[in-house]
Amino acid sequence: MNVLPFEVLLHIFLHLDLFQIAKYRRVCHSFNNVLAAHHFSNLLGLAHIGHTNGGVEVFCFVTPETFGEAFFTKAQNNLDNAYTTEHRAGKFKKYPANSSLKVLRIDPLKTINEVSLFDFLKGHILSGPLPRALGSMTKLFSTYLDLKGNFVTGPLPPELGYLVHLKKLDLSDTLLDGTIPDSFGNLVNLELLDMSNAGLTGCIPESLGNLENLVNLNLERNKLSGKLPDMFGGMTKLQTLSLNRNHLDGPIPKSIGRCMQLKTLTCQLNRFSNSIPESIFRLPLLRSANFKSNLILSESPPNWDGSVEVVGMEATYDDCDPGNNPLFSSASLDRMSLNVVSHPVQEGNASLLLSNLDLSDNQLSGRFPNYITSLTSLRYLFLQENNLTGPLPTEIAELSCLWTLNLGNNQISGTIPNSITLLANLRHLSLQRNKLSGRLPTEIGLLTSLGVLNLSHNHFCDEIPESIGRLKHLCTLDLSHNALTGEIPPAVFMLHGIVTLHLNNNNLVGQLHQGILPLTYLLSLDLSHNQLTGPVPVCLADSHPRSFLPPRLKTLKLSRNQLSGPLPKYGHWGSIETLHLDHNQFSGLLPMHTQDLMNLKSLDFSHNELSGPVLASVLRGKSIESLNLSYNSFCGNLPILWSGGMPRIQTLDLSNNQLSGFIPISYLRFSQSELLDLRGNQFEEDLGSDAVIG
């Protein structure tokens with residue numbers, strides 16, 4: 001057949017199985033010429049290249065032109081590498097990558113084994129590159145092309161732009177690793193375009209602006225870069241726009257504000273800059289807008305005529321002097337600082353449905369954005385990790401639907417307005433790491449839906465309000481790093497659902513309360529750096545006195561107080577991981593029966609008045625990483641370490657005690673490290689200066 005004219009071979013091949021003939025294309029030059037001809041360039045098949053250990057069959061697209069061992073090996077290795085990345089090495093069984101591989105020809109007018117192509121692929125895995133021939137399958141892919149979750153690779157063939165009747169194109173969770181072809185702008189009937197988490201790179205082509213029927217555009221979790229084209233003016237049907245977790249920069253396009261059906265906008269974790277166009281906040285159906293972790297700035301408002309109409313409400317400032325009022329400083333962020341109201345907002349045009357607004361981790365500065373108090377449907381408001389200053393407005397109470405308010409890590413000052421207690425639906429309030437001061441609102445107990453209250457790292461003073469005990473749903477209470485005084489209200493220990501209780505770094509006084517024991521869900525208790533006095537109470541409910549602390553506790557920090565008496569009997573705390581009682585006045589012996597502390601990672605009893613021997617059981621922890629018994633009065637010989645004892649230890653400090661005798665040879669494994677500090681004792685020999693100096 002090698003001598004037959006090209007036209008004759010072509011006529012013969014049209015009546016044969018091209019994928020059977022393709023086995024010989026590397027042998028016969030004339031075969032190769034015919035198979036590479038445009039007559040067969042659109043032929044497409046599925047090669048059966050292996051299966052997983054779970055019995056899922058693996059296929060790859062193949063054409064007569066690509067048929068061959070090198071191509072099949074590459075497709076197999078592609079899946080192998082992907083499985084290795086996902087820590088599933090060895091889960092894929094390859095078939096020999098030769099001409100014996102079974103190939104199912106794809107006929108656009110027929111089915112595979114009596115089912116459609118995509119129904120056939122639903123139970124299988126697809127690997128390897130996407131062929132250009134897919135673009136010719138206009139009848140096979142009449143309305144949708146769904147390859148979600150497969151291991152197909154790029155580059156994306158521009159020929160896919162020929163599938164102009166497609167309404168759904170889903171290439172998400174694939175391994176495309178290439179650019180978006182400009183030809184995708186031809187897919188004008190698309191309603192859904194999802195290429196999220198597909199390894200895409202390069203810029204977003206402006207031609208996508210032709211896709212005026214799009215309802216959902218999802219390009220999140222890729223490596224797309226450059227400026228986002230101002231291409232959304234005609235996308236009047238768009239409801240979801242997802243661009244988060246890319247490398248996009250520059251301004252957010254104003255044309256997004258013309259997508260009147262838009263409900264969800266996610267732009268977080270990019271490098272968008274400048275201010276947010278006003279028109280976006282006026283979209284009537286917008287429910288969620290996320291701009292977290294960008295470089296968005298505040299900017300001074302435009303010329304202002306003395307009145308602003310926001311969300312159908314009019315706010316008038318009759319006697320304001322824009323030159324003197326801090327709302328209008330060049331660094332301020334107010335109703336207009338994000339360009340939200342550079343022109344009056346007409347009734348019916350504002351985002352009455354906006355329930356989720358995230359501007360956290362940007363470069364916003366100036367005062368709290370007062371315009372936000374007009375977004376009365378908000379449930380979630382995130383403004384943390386910015387540079388906001390000035391007081392909280394009393395109008396915050398108008399956000400009556402609010403569930404979450406997070407303003408942490410700013411420079412907000414002044415007092416918490418009493419009006420905040422009117423937010424009856426509030427479940428999460430985070431104001432930590434600001435410059436707030438004054439007393440906590442007396443009626444904070446009115447926020448009965450609160451699950452999280454974090455006011456740490458501020459300058460609050462005076463006593464903790466007794467009304468805090470009415471917060472029956474509270475799981476986290478963090479008032480640490482303030483200047484609070486007085487005793488801890490007994491009502492705090494009536495919060496039976498509390499999981500995290502941090503009151504450390506204040507000026508609290510009094511004794512520890514007996515009522516902590518009923519807090520059965522408590523996992524973390526930090527009362528360190530206060531002025532608490534007296535002994536750790538015990539529970540006398542049965543014949544064996546127990547510690548006052550709940551058995552599920554993972555973290556207990558009572559450091560740097562004035563506590564005294566014996567150490568709590570912590571041997572039954574099987575969940576404890578961190579136990580810090582240092583810098584107090586505890587005395588007596590170490591408790592016996594500590595062998596159950598299998599999860600203990602950090603123990604610090606330093607700077608107390610403890611005495612007696614160092615128990616061997618203390619030095620047996622399999623999880624212990626840091627152990628500090630320094631600056632006490634422990635005496636006697638060091639216990640012999642068990643073989644393999646404390647395998648994770650990083651720091652062992654027994655310095656400045658009254659230990660004596662010989663150092664057991666079992667400590668030799670610390671001699672060449674800085675793990676061990678035995679200074680200030682009375683040993684008869686040491687392990688070398690490096691070890692004892694530590």
Side-chain angles (χ1 to χ4, degrees), residues 275-276 278 281 289-292 294 296-301 304 308 310-311 313 315 317 320 322 324-342 345 350-351 354-423 426 428-438 440-441 444 447 453-460:
S275 59
I276 299 174
E278 58 155 311
F281 287 91
N290 194 332
F291 302 100
K292 175 182 179 180
N294 281 282
I296 294 170
L297 298 168
S298 315
E299 73 174 27
S300 55
W304 182 72
V308 182
V310 183
V311 195
M313 301 172 59
Y317 304 89
C320 288
N324 298 325
N325 193 311
L327 281 175
F328 299 95
S329 65
S330 60
S332 70
L333 178 63
D334 55 25
R335 288 179 185 256
M336 297 170 285
S337 63
L338 291 177
N339 273 340
V340 176
V341 208
S342 61
V345 180
S351 295
L354 186 61
S355 61
N356 184 354
L357 178 59
D358 193 338
L359 289 165
S360 61
D361 192 17
N362 278 284
Q363 297 182 9
L364 305 178
S365 59
R367 292 177 175 255
F368 180 86
N370 286 337
Y371 79 90
I372 287 177
T373 61
S374 298
L375 303 175
T376 53
S377 293
L378 277 181
R379 289 190 175 183
Y380 304 94
L381 176 57
F382 302 96
L383 293 173
Q384 71 270 23
E385 306 282 348
N386 281 289
N387 296 306
L388 299 176
T389 59
L392 283 173
T394 57
E395 293 82 5
I396 195 80
E398 296 185 20
L399 301 178
S400 58
C401 297
L402 208 58
W403 287 0
T404 296
L405 175 60
N406 193 335
L407 303 175
N409 293 74
N410 280 284
Q411 300 179 46
I412 299 171
S413 58
T415 60
I416 297 178
N418 287 327
S419 60
I420 204 169
T421 61
L422 299 177
L423 300 177
L426 200 60
H428 185 131
L429 176 59
S430 293
L431 302 176
Q432 74 276 11
R433 296 185 183 276
N434 279 285
K435 297 180 178 180
L436 294 165
S437 58
L440 299 179
I444 198 168
L447 300 175
L453 176 59
N454 190 345
L455 306 178
S456 62
H457 293 85
N458 281 286
H459 306 298
F460 294 116

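Judged by distance alone, the side chain of N454 and the main-chain N or O of S456 form a donor-acceptor pair under 3.5 Å. Between the side chain of N458 and the backbone N or O of S437, no donor-acceptor pair lies under 3.5 Å. A donor-acceptor pair under 3.5 Å links the side-chain atoms of N434 to the main chain of N410, judged by distance alone. With hydrogens and angles ignored, the 3.5 Å screen pairs a side-chain donor or acceptor of S419 with a backbone N or O of T394. A distance-only check finds a donor-acceptor pair linking the side chain of N290 to the backbone of K292 [under 3.5 Å].
The shortest distance between side-chain heavy atoms of I416 and I444 does not fall below 4.5 Å.
The distance from the CG atom of L426 to the OG atom of S400 is 11.5 Å, given to the nearest 0.5 Å. Atom CG in L364 sits 10.5 Å away from atom CG in N294 (nearest 0.5 Å). In this structure, CG in L407 is found 12.0 Å from CD in E385, a value given to the nearest 0.5 Å. Here the straight-line distance linking atom CD of E395 with atom CG of L392 works out to 11.0 Å at 0.5 Å rounding. Between atom OG1 of residue T376 and atom CG of residue L402 there is a gap of 11.0 Å, rounded to the nearest 0.5 Å. The CG atom of L405 sits 10.5 Å away from the CG atom of L447 when rounded to the nearest 0.5 Å.
Qualifying side-chain hydrogen bond (donor to acceptor under 3.5 Å, both in side chains) partners for T404, counting only residues two or more places apart in sequence or in other chains: none.
In plain terms, the two heavy atoms of I412 and P391 that are nearest each other are CG2-C, 4.3 Å. Of all heavy-atom pairs spanning N406 and Q432, the tightest one is OD1-NE2, 4.4 Å. Taking all atoms of both residues into account, the shortest heavy-atom contact from P417 to I396 is CG-CG2, 4.4 Å. Counting all heavy atoms, side chain and backbone alike, S365 lies closest to L388 at O-CD2, 4.0 Å.
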Exercise for the section: Apply the test side-chain contact (heavy atoms from CB on, under 4.5 Å) to residues I420 and L429: give CA-CA distance (whole Å), side-chain angles for both, the deciding distance (0.1 Å), then the verdict. Expected result: CA-CA 10 Å; I420 204 169; L429 176 59; 4.2 Å; yes
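The aromatic rings of Y380 and W403 stand perpendicular to each other, their planes meeting at an angle above 60°, with 30° marking the opposite boundary.
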Do any side-chain atoms of residues 354-361 form donor-acceptor pairs under 3.5 angstrom with protein atoms, and if so which ones, sequence neighbours left out?
{"unit_1": "S355", "atom_1": "OG", "unit_2": "R287", "atom_2": "O", "d": "3.1"}
{"unit_1": "N356", "atom_1": "ND2", "unit_2": "S288", "atom_2": "OG", "d": "3.4"}
{"unit_1": "D358", "atom_1": "OD1", "unit_2": "S360", "atom_2": "N", "d": "3.0"}
{"unit_1": "D358", "atom_1": "OD1", "unit_2": "S360", "atom_2": "OG", "d": "2.6"}
{"unit_1": "D361", "atom_1": "OD2", "unit_2": "S293", "atom_2": "OG", "d": "2.7"}

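Shown are L453, L455, T415; of these, the side chain to side chain contact (heavy atoms under 4.5 Å, CB included) with L440 is made only by L455.
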